[in-house]
Visitor: 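Before we start, here is the structure in question, set down as structure tokens.
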Amino acid sequence: MSLEDEPTAHAGTVGRSGELEMGIGSSALLVSAGVASGLAGSIAGLASLFSYPALLAAGLPPVAANVTNTVALFSNTVGTAAGSRTELRGQRDRLLRLAVLSALGGAVGAALLLSTPSSAFEAVVPWLIALGSVLILVRDPLRRLVTSRAQALGSAARPTLPIAAAVLLVGLYGGYFGAASGVLMLAVLSLTAAAGEPLPVTNAVKNIATGAANITAAVAYAFVAPVHWGAAVALGVGALLGSWVGPVIVRRLPETPLRIAIALAGLGLAVSLWYQGT
């Protein structure tokens, strides 16, 4: 995902004020992309795989597309929370801790986006996504390793400082760039969750944690960044619907094939971003 201004194909039209005017075609494109983003985000943490390119196709320049995407995907968090009530029961304390850390990271990430060039961070993004995807693939042996080391030290608890730092950094990444931040958060939570925790539960917790970073960044962008509100509303409506349905799908799919599919999709996105940056 690039934050630098580049020429893009314009599906919308530009009015006298220079603002992009949304036509019926562009609005329909964004609503459809929002549904796909909501599904992909709630299931695999890859919402921006559909939403960001759709905003570019509608005619927004990259910077505006990035911040508009962040604001629009606020509805992803609302939809996944509503659709995952079963999985989130009994998770309040855990969600609160993760949300605070992730929101703090998201605030720092938003501040970085608004004050620094993106080229250095873009270089490491594909590698971060690839790492997260590999961690999801090898979750079970790594989880056993973490548990055995904790037991050897006389405690069944996971080391809290590294976990907190990892959540904070993923939140920072989510506020700054966002692409596949759900894959990274799912990797962190999968390795640190209690043994035997079902993937739908970990996935639901992931959605709330990444949503906290997204909401924090979205609030900042709403006031100081070039958000296109018409595009944000169209994309957000679709994302709300897709994210509400996504947890129901996760609930019914077999865990291992779903986890492998998420990891492979993340690796595919990492390769794509790496190729675009070369």
Visitor: Who else is in Val237's hydrophobic cluster (ILVMFWY, side-chain heavy atoms under 4.5 Å, direct or via others)?
Guide: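 Grouped by the 4.5 Å side-chain rule, Val233 form the rest of the cluster around Val237.
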
Visitor: Walk me through it: do Leu199 and Leu186 pass the test side chain to side chain contact (heavy atoms under 4.5 Å, CB included)?
Guide: CA-CA 9 Å; Leu199 180 61; Leu186 184 60; 4.3 Å; yes

Visitor: Quick one: does any side-chain atom of Ser102 pair with a main-chain N or O of Ala99 as donor and acceptor, under 3.5 Å?
Guide: no

Visitor: For side chain to side chain contact (heavy atoms under 4.5 Å, CB included), just list the numbers for Glu197 and Leu189, CA-CA rounded to whole Å, side-chain angles, deciding distance to a tenth of an Å, and then say yes or no.
Guide: CA-CA 10 Å; Glu197 177 174 279; Leu189 298 180; over 6 Å; no

Visitor: Can you give me the closest heavy-atom contact between Leu56 and Ala65, atom names plus distance?
Guide: CD2-CB, 3.8 Å

Visitor: Can you name the residues that form a side-chain hydrogen bond (donor to acceptor under 3.5 Å, both in side chains) with Thr70, not counting sequence neighbours?
Guide: none

Visitor: Are Leu98 and Tyr173 connected, step by step, through hydrophobic side chains (Ile, Leu, Val, Met, Phe, Trp, Tyr) whose heavy atoms are closer than 4.5 Å?
Guide: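 Yes, Leu98 connects to Tyr173 through the hydrophobic network.
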
Visitor: Whether the side chain of Ser272 engages the backbone of Gly268 through a donor-acceptor N/O pair (distance < 3.5 Å, no angle test) should be reported.
Guide: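 Here the side-chain-to-backbone pair does not exist.
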
Visitor: Which distance, rounded to the nearest 0.5 Å, do you find between the CG of Leu169 and the CG of Leu101?
Guide: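 So the gap between those two atoms works out to 10.5 Å.
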
Visitor: So, for Ser51 and Ser48, which heavy atoms are closest and what is the spacing to 0.1 Å?
Guide: OG-CA, 3.3 Å

Visitor: Please check this pair: side chain of Asn207 against backbone of Thr77, looking for a donor-acceptor N/O pair closer than 3.5 Å.
Guide: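 No, the answer is negative, given that no donor and acceptor are paired below the 3.5 Å cut-off.
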
Visitor: Hey, could you give me the OG/CD1 distance between Ser133 and Ile260, rounded to the nearest 0.5 Å?
Guide: 13.0 Å

Visitor: In the structure I gave you, are the side-chain heavy atoms of Val67 and Leu113 within less than 4.5 Å of one another anywhere?
Guide: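 Yes. Closest side-chain heavy atoms under 4.5 Å.
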
Visitor: I'd like to know if the side chain of Thr216 and the backbone of Ala107 have a donor-acceptor N/O pair within less than 3.5 Å.
Guide: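 No.
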
Visitor: Look at the side-chain heavy atoms of Ile, Leu, Val, Met, Phe, Trp and Tyr, link any pair under 4.5 Å apart, and say whether Leu241 and Ile249 land in one connected group.
Guide: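 In one cluster: yes.
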
Visitor: Report yes if the side chains of Leu114 and Tyr221 come closer than 4.5 Å at any heavy-atom pair, otherwise no.
Guide: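 Yes, at least one pair of side-chain atoms sits under 4.5 Å.
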
Visitor: Would you say Val31 ends up clustered with Phe74 if hydrophobic residues are merged whenever their side chains have heavy atoms under 4.5 Å apart, either directly or through other cluster members?
Guide: no

Visitor: State, yes or no, whether a side-chain contact exists between Val167 and Arg97 at a heavy-atom distance under 4.5 Å.
Guide: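 No. Closest side-chain heavy atoms not under 4.5 Å.
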
Visitor: Answer yes if Leu104 and Val188 sit in the same cluster of Ile, Leu, Val, Met, Phe, Trp and Tyr residues linked by side chain heavy atoms under 4.5 Å apart, and no otherwise.
Guide: no

Visitor: Say you draw a straight line from CZ of Arg252 to CG of Leu258; how long is it, rounded to the nearest 0.5 Å?
Guide: 14.0 Å

Visitor: Identify the two heavy atoms, one from Gly236 and one from Ser75, that lie closest to each other, and give their separation to 0.1 Å.
Guide: O-OG, 2.8 Å

Visitor: Rounded to the nearest 0.5 Å, what separation is found between the CG atom of Leu264 and the CG atom of Leu269?
Guide: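 Reported to 0.5 Å precision, the distance equals 12.5 Å.
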
Visitor: For Gly171 and Ala213, work out which heavy atoms get closest and say how close.
Guide: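 In terms of heavy atoms, the two residues are closest at O-CB, 3.6 Å.
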
Visitor: Trp229 vs Val71, test: side chain to side chain contact (heavy atoms under 4.5 Å, CB included). Steps then yes/no.
Guide: CA-CA 9 Å; Trp229 289 102; Val71 171; 3.7 Å; yes

Visitor: Walk me through whether Asn76 and Ser37 qualify under side-chain hydrogen bond (donor to acceptor under 3.5 Å, both in side chains).
Guide: CA-CA 8 Å; Asn76 236 15; Ser37 297; over 6 Å; no

Visitor: Verify the cluster assignment for Leu73 and Ile208: are they in a single hydrophobic cluster under the rule of side-chain heavy atoms below 4.5 Å apart?
Guide: no

Visitor: Rounded to the nearest 0.5 Å, what separation is found between the CZ atom of Arg89 and the CD atom of Glu87?
Guide: 9.0 Å

Visitor: Kindly compute the distance separating OG (Ser42) from NZ (Lys206), expressed to the nearest 0.5 Å.
Guide: 7.0 Å

Visitor: If I compare all heavy atoms of Val170 with all of Ser181, which pair ends up nearest, and what's the gap?
Guide: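 Looks like CG1-O, 3.6 Å.
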
Visitor: Check whether any side-chain N or O of Thr68 sits under 3.5 Å from a backbone N or O of His228 as a donor-acceptor pair, and report yes or no.
Guide: yes

Visitor: Can you give me the closest heavy-atom contact between Ile43 and Gly246, atom names plus distance?
Guide: CG1-O, 3.7 Å

Visitor: Determine, stepwise, if the pair Asn203 / Thr80 fulfils side chain to side chain contact (heavy atoms under 4.5 Å, CB included).
Guide: CA-CA 10 Å; Asn203 192 64; Thr80 54; over 6 Å; no

